[in-house]
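Take a look at the structure set out below.
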There are 2 protein chains.
Amino acid sequence: MEKKFDDYPHPAVTVDVVIFTVKDKELKVLLVKRKNEPFKNKWAIPGGFVRMNESLEEATKRELFEETGVKDVYLEQLYSFGEVDRDPRGRVITIAYFALISLEKAAQKLRATTDVSEVAWFPISKLPELAFDHAKILEYAKKRLRWKFEYTTVAFSLLDKKFTLSEVQKIYEIIFQKKFDKRNFRKKLLSLNILESAGKEKEVSHRPPQLFSLKKKIGEIVEILKVQD
Amino acid sequence: MEKKFDDYPHPAVTVDVVIFTVKDKELKVLLVKRKNEPFKNKWAIPGGFVRMNESLEEATKRELFEETGVKDVYLEQLYSFGEVDRDPRGRVITIAYFALISLEKAAQKLRATTDVSEVAWFPISKLPELAFDHAKILEYAKKRLRWKFEYTTVAFSLLDKKFTLSEVQKIYEIIFQKKFDKRNFRKKLLSLNILESAGKEKEVSHRPPQLFSLKKKIGEIVEILKVQD
DNA sequence: TCAAAAGTGTTCCGAATACACCCATGA
DNA sequence: TCATGGGTGTATTCGGAACACTTTTGA
């Protein structure tokens with residue numbers, strides 16, 4: 001089983017982050033355009049090598065910050081991809097993460113870097129051809145994303161601290177590409193006992209909505225919505 | 001973001017497999033006793049280095065086979081662990097998998113290897129102290145296991161091709177440490193439309209039970225049982 | 001007074017739960 | 001005939017789904 005520590009050559013290890021946001025009533029993903037070979041001028045999921053003195057999550061946060069300038073976003077490990085030939089340069093194992101960032105945070109300037117000529121948000125429905133096995137990674141991320149919306153409270157990480165029930169519903173309608181009944185949606189959301197009242201919105205030219213915020217202590221899994229096709 | 005391919009030193013990469021079975025009416029996990037430092041004589045989850053010419057899954061299957069002599073078992077990737085100091089020998093990133101093997105397969109002889117002095121099944125309720133961050137990995141695996149039993153048909157990978165409904169129920173009662181109502185359990189299982197009749201058991205000294213087998217084409221996620229505490 | 005979005009209740013249906021007795025067989 | 005596990009039905013409760021109109025505000 002185990003040999004001495006350095007008997008085997010070591011593969012390279014990268015982290016890749018699938019960064020989602022909701023913008024212009026669409027689910028979007030952040031991609032970068034590669035400046036170098038391989039896959040020069042192809043779009044790719046942002047990522048980079050893991051340094052020896054940082055954990056996988058630290059590496060991912062660093063990449064995320066370098067690419068978007070944002071911190072403190074929803075971040076979770078997705079899956080590790082390790083096919084032998086997934087990178088033509090040699091053996092590279094990647095640990096993929098996925099992140100959800102809110103509209104305001106995402107509105108900050110995106111910055112190209114030394115290895116990237118462009119950075120842009122792509123609607124999930126109109127993706128370009130992707131480098132490496134990134135199409136597969138993205139597929140995986142989309143599945144996970146939907147699952148997370150059904151079974152956990154991640155949706156709220158796309159909203160402000162205070163939000164209206166209609167805003168929550170809109171997010172769900174975008175993610176699931178489906179309309180929900182307003183009364184049932186609100187009833188379900190309120191019955192979960194995860195929200196608390198947070199005053200009223202002002203300065204709208206119609207009936208002002210109630211604001212809510214997420215309660216602090218919530219179990220990890222809260223079956224939010226059962227969505228059928 | 002990216003530098004030239006070999007600008008960074010590479011961490012070592014291992015795979016670890018949490019191997020579960022149900023034996024003697026208990027959920028058990030396979031552990032190995034380490035022959036060498038670090039953590040000499042401590043119990044650990046079996047695992048080893050990923051070779052340059054094998055994928056993560058291939059490496060895991062190889063380890064699984066070396067340790068238990070079994071092939072063709074349920075295997076899925078669990079999570080990757082990459083804290084900087086998780087291995088005192090240096091930077092080691094591990095991709096953890098979990099496997100479920102059936103009683104008969106598990107009954108084969110377990111074999112010690114060059115780096116392992118003993119191999120043994122431990123009931124999940126009476127675990128020894130574990131090497132590295134393996135306690136954390138095992139915790140993670142236990143959670144995933146329960147989830148899988150609630151939402152998928154993994155349970156059947158612990159049974160023969162043909163099985164009785166009572167056998168299925170026993171497996172669930174062991175995993176969830178909880179009794180289920182026989183009529184409701186059977187009703188639910190049959191209503192899922194995932195089983196087909198496979199004759200009758202013979203040679204039992206009581207009313208012979210119906211046998212069932214799992215239908216071939218089943219969606220990935222079938223909400224089998226909702227289990228409440 | 002109008003436009004815009006907020007807010008609200010009831011009926012129906014299907015699934016989950018609780019619960020106890022008879023059946024078929026070999027010993 | 002007995003011991004052993006196999007097998008079965010009904011009533012109740014709870015949550016999900018369908019469905020349309022009134023309210024509040026600023027412009």
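Note: hydrogens, waters and symmetry copies are ignored here, and every other heavy atom, side chains too, is used. Lettering of chains follows the sequences in order, A, B, ..., and the numbering in each one begins at 1.
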If you check every side-chain atom of [X], which of [options] has the closest atom?
X         : options                   : value
Asn184(B) : dA18(C), dT23(D), dG6(D)  : dA18(C)
Pro209(A) : dG7(C), dG26(D), dG7(D)   : dG7(C)
Lys182(B) : dT25(D), dT8(D), dG7(C)   : dT8(D)
Pro208(B) : dA24(C), dA27(C), dT10(D) : dA24(C)
Arg183(B) : dA24(C), dT8(D), dG7(C)   : dT8(D)
Arg207(A) : dG5(D), dT24(D), dT17(C)  : dT24(D)

Take atom [atom1] of [X] and atom [atom2] of [N], then tell me their distance rounded to the nearest Å.
X         : N       : atom1 : atom2 : value
Lys187(B) : dA11(D) : NZ    : P     : 12 Å
Phe180(A) : dG15(D) : CZ    : C1'   : 17 Å
Asp181(A) : dG9(C)  : CG    : P     : 14 Å
Gln210(B) : dG5(D)  : CD    : C1'   : 14 Å
Leu190(B) : dA15(C) : CG    : C1'   : 15 Å
Arg186(A) : dA17(D) : CZ    : C1'   : 17 Å
Leu211(B) : dG5(D)  : CG    : P     : 17 Å
Phe185(B) : dC19(C) : CZ    : C1'   : 18 Å

Centroid-centroid under 6.0 Å between Phe212(B) and Phe163(B) rings: no
Check: Trp43(B) ring centre within less than 6.0 Å of Trp121(B) ring centre: no
Touch class at under 4.0 angstrom, heavy-atom based, for Ser166(A) against every strand present: sugar-phosphate
Neighbour count above 12 (heavy atom, 6.0 Å) for Lys33(A) NZ: yes
Presence of Lys188(B) side-chain N/O under 4.0 Å of dA16(C) phosphate oxygens OP1/OP2: yes
Close side-chain approach of Val73(B) and Leu100(B), heavy atoms under 4.5 Å: no
Charged N-O contact under 4.0 Å between Glu76(B) and Arg144(B): yes
5'-most by nearest nucleotide on DNA chain C - His206(B) or Glu223(B): Glu223(B)
